[in-house]
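Have a look at the structure below, then the notes.
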Amino acid sequence: MAQVSLKNVSKTYPGGSAAVDRVSLGIENKEFMVLVGPSGCGKSTTLRMIAGLEEASEGEIYIGNKIVNDVPAKDRDIAMVFQNYALYPHMTVFENMAFGLKLRHYPKAEINKRVIDAAGILGIKHLLNRRPKELSGGERQRVAVGRAIVRKPMVFLFDEPLSNLDAKLRVQMRTEIHKLHLRLATTMIYVTHDQTEAMTMGDRIAVMKDGVLQQVADPITIYDFPVNKFVAGFIGSPPMNFMRGRIIKKEGRFYFEEGKITVKLVEETYGKMSAYAGKDIIMGIRSEDIYDKLFVSTAPPENIVKVTCEVIEPMGSEVYLYLNTGRHSFIARVGAHDRPPINQDMDLVFDMSKVHFFDKDTEATII
């Protein structure tokens, strides 16, 4: 069994700088876990502590049922794929993939079999006699993954492996790594700053900020039920729109008032929102929950918002509208053929059943 468990793990560098702060995280056997967050959030440091390349300042790290804090990296039965591939330029692809097995004195026949099998899985058999300088970025990444596969480790660790590839190749390699996980049925931990990679690849996602674990859940739960404003804004593309305003109560109904706009809350939220009547609050709404003019005629009048369209960004099957209320800017994602005039007022509809509210001070989710 290849569970990985972190219990109150911290990493503090000389001078008192805390890169990771009391992270507790359990990764199940055969799970694909993605650590995601902005640069400097501690995700790569966490991965390197699991690998044994960094020493934990506090806490316990388990691989399987064994604590590995004092176990050297080479004895942890893990394989790591790095951002820069880390291939030996003077060796062929075959030699790069076989190198780790030779160091462990595997029989030559076993080495040949493992390398050929891994090359077949990754579609690089025809490259085995080439050197890294003769390969494209995507081919080098496959070799780096192949070098990990031949080890047949308990756990695979990926440290932003696709960040050096172009956009099209990233999408292709993302799919191949996902298929590889399904085929090998092995525990994988994957670090990225790209929330699209996290959403599309992970069985579960662990979102980090400033060395602190914010939320751990499956992608849909993270997207639909973020625990705070940071997670809500980091996960999703375009990012969630936020507006600072106030909850007001009139004639038994609750409204969010931003200054230029006032929208009515759905009745199901009244119970939780009653405590915020008369108080400042943050409202969040995703771009796909703002509807274009086709819905205006059937929408409740109190959910129609008058805005100014400042920029139109065609995306092929849809259009991003960059809008302004006079106090706040936000983005709506609408149909490909709905292109309003620039710098003119237009009406849009907020789906108030889909909005999120966050505490102004703690930024924790209310609804």
Side-chain angles (χ1 to χ4, degrees), residues 2-6 9 20 23 25-54 61 63 68 73-74 76-87 96-97 100 118 121-124 132 135 137-167 169-208 213 216 218-219:
Q3 304 100 325
V4 176
S5 180
L6 283 67
V9 171
V20 177
V23 166
L25 177 65
I27 297 115
E28 299 298 325
N29 184 45
K30 301 181 182 180
E31 184 175 25
F32 197 120
M33 172 66 77
V34 179
L35 305 183
V36 65
S39 297
C41 73
K43 56 189 183 296
S44 288
T45 302
T46 301
L47 194 77
R48 290 174 66 83
M49 287 191 288
I50 296 170
L53 302 177
E54 294 272 5
I61 301 171
I63 297 179
V68 296
K74 64 183 180 63
R76 293 194 181 189
D77 200 12
I78 57 94
M80 192 161 179
V81 180
F82 296 92
Q83 177 181 348
N84 63 357
Y85 318 137
L87 301 177
N96 266 283
M97 292 174 65
I121 290 171
L122 295 166
I124 55 173
L135 307 178
E139 289 168 342
R140 292 178 194 175
Q141 190 55 269
R142 287 187 180 88
V143 175
V145 173
R147 185 176 53 191
I149 289 175
V150 297
R151 294 265 311 280
K152 297 185 179 178
M154 290 178 65
V155 182
F156 286 91
L157 306 177
F158 294 86
D159 190 7
E160 305 210 35
L162 308 184
S163 58
N164 288 338
L165 304 180
D166 62 59
L169 195 51
R170 271 203 309 273
V171 173
Q172 180 183 342
M173 285 299 299
R174 193 168 75 205
T175 303
E176 291 189 14
I177 290 175
H178 187 62
K179 289 192 294 186
L180 185 65
H181 173 249
L182 297 175
R183 181 167 182 170
L184 298 180
T186 305
T187 306
M188 293 186 176
I189 307 173
Y190 187 102
V191 161
T192 181
H193 64 272
D194 186 330
Q195 55 88 24
T196 301
E197 284 183 20
M199 289 290 291
T200 55
M201 298 176 75
D203 295 325
R204 286 192 299 155
I205 301 172
V207 184
M208 296 185 69
L213 200 57
V216 183
D218 64 89

Check: Does any non-hydrogen side-chain atom of Leu53 lie less than 4.5 Å from one of Met80?
Finding: yes

Notebook entry, point to check: Step by step, would you call Ser163 with Gln83 a side-chain hydrogen bond (donor to acceptor under 3.5 Å, both in side chains)?
Noted result: CA-CA 7 Å; Ser163 58; Gln83 177 181 348; 3.0 Å; yes

List the atom pairs, donor and acceptor, that lie under 3.5 Å between side-chain atoms in residues 142-158 and the rest of the protein, sequence neighbours left out.
{"residue": "Arg142", "atom": "NE", "partner": "Glu176", "partner atom": "OE1", "Å": "3.1"}
{"residue": "Arg142", "atom": "NH2", "partner": "Glu176", "partner atom": "OE1", "Å": "3.4"}
{"residue": "Arg142", "atom": "NH2", "partner": "Glu176", "partner atom": "OE2", "Å": "2.8"}
{"residue": "Arg147", "atom": "NH1", "partner": "Ala86", "partner atom": "O", "Å": "2.8"}
{"residue": "Arg147", "atom": "NH2", "partner": "Tyr85", "partner atom": "O", "Å": "2.8"}
{"residue": "Arg147", "atom": "NH2", "partner": "Ala86", "partner atom": "O", "Å": "3.2"}
{"residue": "Arg151", "atom": "NH2", "partner": "Ile78", "partner atom": "O", "Å": "2.8"}

Check: For the atom pair CD (Gln141) and CG (Leu135), what is the distance rounded to the nearest 0.5 Å?
Finding: 12.0 Å

Note to self: Less than 4.5 Å apart, side chain to side chain, heavy atoms only: is that true for Arg170 and Thr196?
What the structure shows: no

Note to self: For a quick test of reading the model, state the closest non-hydrogen atom pair linking Gly138 to Leu165 and the distance between them.
What the structure shows: N-CD2, 3.8 Å

Margin query: Could you measure the distance from the CG atom of Leu25 to the OG atom of Ser5? Nearest 0.5 Å is fine.
Written below: 8.0 Å

Margin query: Tell me the closest heavy-atom pair linking Ile177 and Pro161, and the distance in Å.
Written below: CD1-CG, 4.5 Å

Notebook entry, point to check: Which heavy atom in Leu213 sits nearest to a heavy atom in Ala206, and how many Å separate them?
Noted result: CD1-CB, 3.7 Å

Checklist line | Full working for side-chain contact (heavy atoms from CB on, under 4.5 Å) between Thr46 and Val9 | finding: CA-CA 8 Å; Thr46 301; Val9 171; over 6 Å; no

Notebook entry, point to check: Can you name the residues that form a ring pair (Phe, Tyr, Trp, His ring centres under 6.0 Å) with His181, not counting sequence neighbours?
Noted result: Phe32

Margin query: What's the separation between atom CG in Leu6 and atom CD1 in Ile27, rounded to the nearest 0.5 Å?
Written below: 6.0 Å

Margin query: Quick check against the 3.5 Å criterion: does Lys43 have a side-chain atom that pairs as donor or acceptor with the backbone of Leu35?
Written below: no

Notebook entry, point to check: Under the side chain to side chain donor-acceptor pair (under 3.5 Å) test, which residues partner Asp218, sequence neighbours left out?
Noted result: Thr221

Notebook entry, point to check: Looking at side-chain heavy atoms only, is the closest gap between Gln3 and Thr187 below 4.5 Å?
Noted result: no

Next item on the list: Keeping to residues at least two apart or across chains, list the salt bridge (Lys or Arg N to Asp or Glu O under 4.0 Å) pairs with something in residues 188-198.
Entry: none

Margin query: Could you work out, with salt bridge (charged side-chain N to carboxylate O under 4.0 Å, His left out) as the rule, every residue matching Arg174, not counting sequence neighbours?
Written below: none

Checklist line | Non-neighbouring partners of Thr175 that pass side chain to side chain donor-acceptor pair (under 3.5 Å), sequence neighbours left out | finding: none

Check: At their closest point, which heavy atom of Ala198 faces which heavy atom of Ile205, and how far apart are they?
Finding: O-CD1, 3.6 Å

Check: For Ser44, what residues pass the side-chain contact (heavy atoms from CB on, under 4.5 Å) criterion, not counting sequence neighbours?
Finding: Asp159, Glu160, Val191

Notebook entry, point to check: Hey, what do you get for NZ (Lys30) to CG (Leu184), rounding to the nearest 0.5 Å?
Noted result: 11.5 Å

Margin query: What I'd like to find out is whether the side chain of Met33 reaches to under 4.5 Å of the side chain of Glu28, using heavy atoms alone.
Written below: no

Next item on the list: Any chance you could measure Met188, atom CE, to Leu182, atom CG, to the nearest 0.5 Å?
Entry: 9.0 Å

Margin query: Once side chain to side chain donor-acceptor pair (under 3.5 Å) is applied, do any residues pair with Arg76, and if so which ones, sequence neighbours excluded?
Written below: none

Check: Should Gln195 and Val207 count as side-chain neighbours, where that means a heavy-atom distance under 4.5 Å?
Finding: no

Margin query: Ignoring hydrogens, what is the shortest heavy-atom contact between Ala51 and Ala73? Give both atom names and the distance.
Written below: O-CB, 3.2 Å

Check: What salt bridge (Lys or Arg N to Asp or Glu O under 4.0 Å) pairs are there with at least one residue in residues 181-190, not counting sequence neighbours?
Finding: none

Notebook entry, point to check: Who are the salt bridge (charged side-chain N to carboxylate O under 4.0 Å, His left out) partners of Glu139, not counting sequence neighbours?
Noted result: none

Next item on the list: Working to the nearest 0.5 Å, report the span between CG of Leu87 and CZ of Arg140.
Entry: 8.0 Å

Next item on the list: Write down the atom of Val20, the atom of Val23, and the distance for their closest heavy-atom approach.
Entry: CG1-CG2, 3.4 Å

